[in-house]
A.B. asks: 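Sharing a structure below in structure tokens format, with a few things to ask.
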Amino acid sequence: MERRLAWFALGVALFFIFSRQVSAAPVSSADLLNYGSRYQGKLIEFEGEVVGDLMKRGEYAWVPVSDGLNTIGVWAPALYVEQIKYVGSYRYRGDRVRVIGIFHQACRQHGGDLDIHAKSLEIIEQGCQISHPLDRARVLGAGILGLFAVILFFVNRFRVRGLS
């Protein structure tokens, strides 16, 4: 009886160990571009910064998401896009999002483009404004070089006139 109970407990433990849903790491854009056929039509997770422009198209919108290597177009319901506050540009760091959706290496619906059709889009880190302080040393260097260029221009002009 004790053996049966031990085997039953072992079976239950193994069941819970192997039936647990394992969270896979997000797929990189490099993997999607290089090994797209592996992910074709599969549910994937992709993370990155929202960059460029959000392009609303009726009930849906294009969301360009960059993982730092490449930018992938995400086709998402417009409802998901409304939560995005910051889009990456020179002045702003865009919201960081986690997209779970179906990957298409050559989407028939969108003219053969590589894209992800979002099933969910979640903001995992809020974007912010980026300040770019003025570097005084560079401004001084540019001023000195500009002055030097003006001096050379006049020296050359007087030299050419003196020869004629």
A.B. asks: Mind listing the side-chain donor-acceptor pairs of residues 132-151 below 3.5 Å, one per line with the distance, residues two or more places apart or on another chain?
C.D. replies:
from: His132; atom 1: NE2; to: Tyr90; atom 2: O; distance (Å): 2.8
from: Asp135; atom 1: OD1; to: Ala137; atom 2: N; distance (Å): 3.2

A.B. asks: Heavy atoms only: give me the nearest Ala61-Lys56 pair and the separation to one decimal.
C.D. replies: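 Residues Ala61 and Lys56, closest heavy atoms: CB-CA, 3.8 Å.
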A.B. asks: Indicate if Leu121 and Val81 have the same hydrophobic cluster label, given that clusters are the connected sets of ILVMFWY residues with side-chain heavy-atom separations under 4.5 angstrom.
C.D. replies: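 As far as the 4.5 Å side-chain criterion goes, Val81 and Leu121 are connected within one cluster.
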A.B. asks: Restricting to non-hydrogen atoms, name the atom on Ala76 and the atom on Val63 that form the minimum distance, rounded to 0.1 Å.
C.D. replies: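 Shortest heavy-atom separation between Ala76 and Val63 comes out as CB-CG2, 4.5 Å.
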A.B. asks: Just to verify, what does Glu122 make a salt bridge (Lys or Arg N to Asp or Glu O under 4.0 Å) with, not counting sequence neighbours?
C.D. replies: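 Salt bridge (Lys or Arg N to Asp or Glu O under 4.0 Å) check on Glu122 returns Arg98.
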A.B. asks: Using the rule given for side-chain contact (heavy atoms from CB on, under 4.5 Å), can you reason through Leu32 versus Asn70, listing the C-alpha separation, both sets of side-chain angles and the distance that settles it, and then say yes or no?
C.D. replies: CA-CA 10 Å; Leu32 293 176; Asn70 302 289; over 6 Å; no
A.B. asks: Starting from the C-alpha separation in whole Å, work towards a yes-or-no answer on side-chain hydrogen bond (donor to acceptor under 3.5 Å, both in side chains) for Asp67 and Ser29.
C.D. replies: CA-CA 7 Å; Asp67 66 353; Ser29 63; 2.8 Å; yes
A.B. asks: Could you list the residues that satisfy side chain to side chain donor-acceptor pair (under 3.5 Å) with Arg38, not counting sequence neighbours?
C.D. replies: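 With sequence neighbours excluded, Arg38 shows a side chain to side chain donor-acceptor pair (under 3.5 Å) to no residue whatsoever.
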A.B. asks: Run Gln109 and Asp115 through side-chain contact (heavy atoms from CB on, under 4.5 Å) and show every step you take.
C.D. replies: CA-CA 10 Å; Gln109 182 182 352; Asp115 65 19; over 6 Å; no
A.B. asks: Would you name the heavy atoms of Cys107 and His117 that are closest together and state the gap between them?
C.D. replies: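 Taking Cys107 first and His117 second, the nearest heavy atoms are SG-NE2, 3.4 Å.
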A.B. asks: Do any N or O atoms from the side chain of Tyr80 and from the backbone of Lys119 form a donor-acceptor pair under 3.5 angstrom?
C.D. replies: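 A pair under 3.5 Å: yes.
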A.B. asks: List the atom of Ile130, the atom of Arg93, and the distance in Å for their closest heavy-atom pair.
C.D. replies: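 Of all heavy-atom pairs spanning Ile130 and Arg93, the closest is CD1-N, 3.6 Å.
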A.B. asks: Counting C-beta onward and ignoring hydrogens, is there a side-chain heavy-atom pair between Tyr39 and Gln105 closer than 4.5 Å?
C.D. replies: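 A side-chain contact is absent here, since even the closest heavy-atom pair is not under 4.5 Å.
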A.B. asks: Under a 4.5 Å side-chain heavy-atom rule over Ile, Leu, Val, Met, Phe, Trp and Tyr, are Ile116 and Ile123 clustered together?
C.D. replies: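 Both belong to a single hydrophobic cluster.
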A.B. asks: Specify the closest pair of heavy atoms between Tyr86 and Gln126, including all atoms of both residues, with the distance to one decimal.
C.D. replies: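 Shortest heavy-atom separation between Tyr86 and Gln126 comes out as CD1-NE2, 3.8 Å.
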A.B. asks: Would you call Ile100 and Leu43 a side-chain contact if the rule is heavy atoms closer than 4.5 Å?
C.D. replies: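 Of all side-chain heavy-atom pairs linking Leu43 with Ile100, at least one is under 4.5 Å.
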A.B. asks: According to the interplanar angle, ranging from 0 to 90°, do the rings of Trp62 and His110 count as parallel (below 30°), tilted (30 to 60°) or perpendicular (above 60°)?
C.D. replies: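 Ring orientation of Trp62 relative to His110: perpendicular.
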A.B. asks: Atom CD in Glu82, atom CG in Leu54: separation rounded to 0.5 Å?
C.D. replies: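 The CD atom of Glu82 sits 11.0 Å away from the CG atom of Leu54.
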A.B. asks: Checking side chain to side chain contact (heavy atoms under 4.5 Å, CB included) against Val65, which of Val74, Thr71, Val51 comes through?
C.D. replies: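 So the option named by the test is Val74.
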A.B. asks: Would you say that more than 12 heavy atoms from the other residues, nucleotides or ligands in this model lie under 6.0 Å from the OH of Tyr60, or not?
C.D. replies: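 12 or below, so no.
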A.B. asks: Check whether any side-chain heavy atom of Phe46 sits under 4.5 Å from a side-chain heavy atom of Val97, and report yes or no.
C.D. replies: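 Counting from C-beta outward, Phe46 and Val97 never come under 4.5 Å.
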A.B. asks: Quick check: are there more than 12 heavy atoms from other residues, nucleotides or ligands sitting under 6.0 Å from CD of Glu59?
C.D. replies: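 Counting neighbours around CD of Glu59, 12 or fewer heavy atoms of other residues, nucleotides or ligands fall under 6.0 Å, so no.
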A.B. asks: Apply side-chain contact (heavy atoms from CB on, under 4.5 Å) to the pair Asp53 and Val87, showing each step before the final yes or no.
C.D. replies: CA-CA 7 Å; Asp53 294 318; Val87 176; 5.7 Å; no
A.B. asks: Looking at Asp95 and Lys85, what are the two nearest heavy atoms and their distance?
C.D. replies: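 For Asp95 and Lys85, the tightest heavy-atom pair comes out as OD2-N, 2.8 Å.
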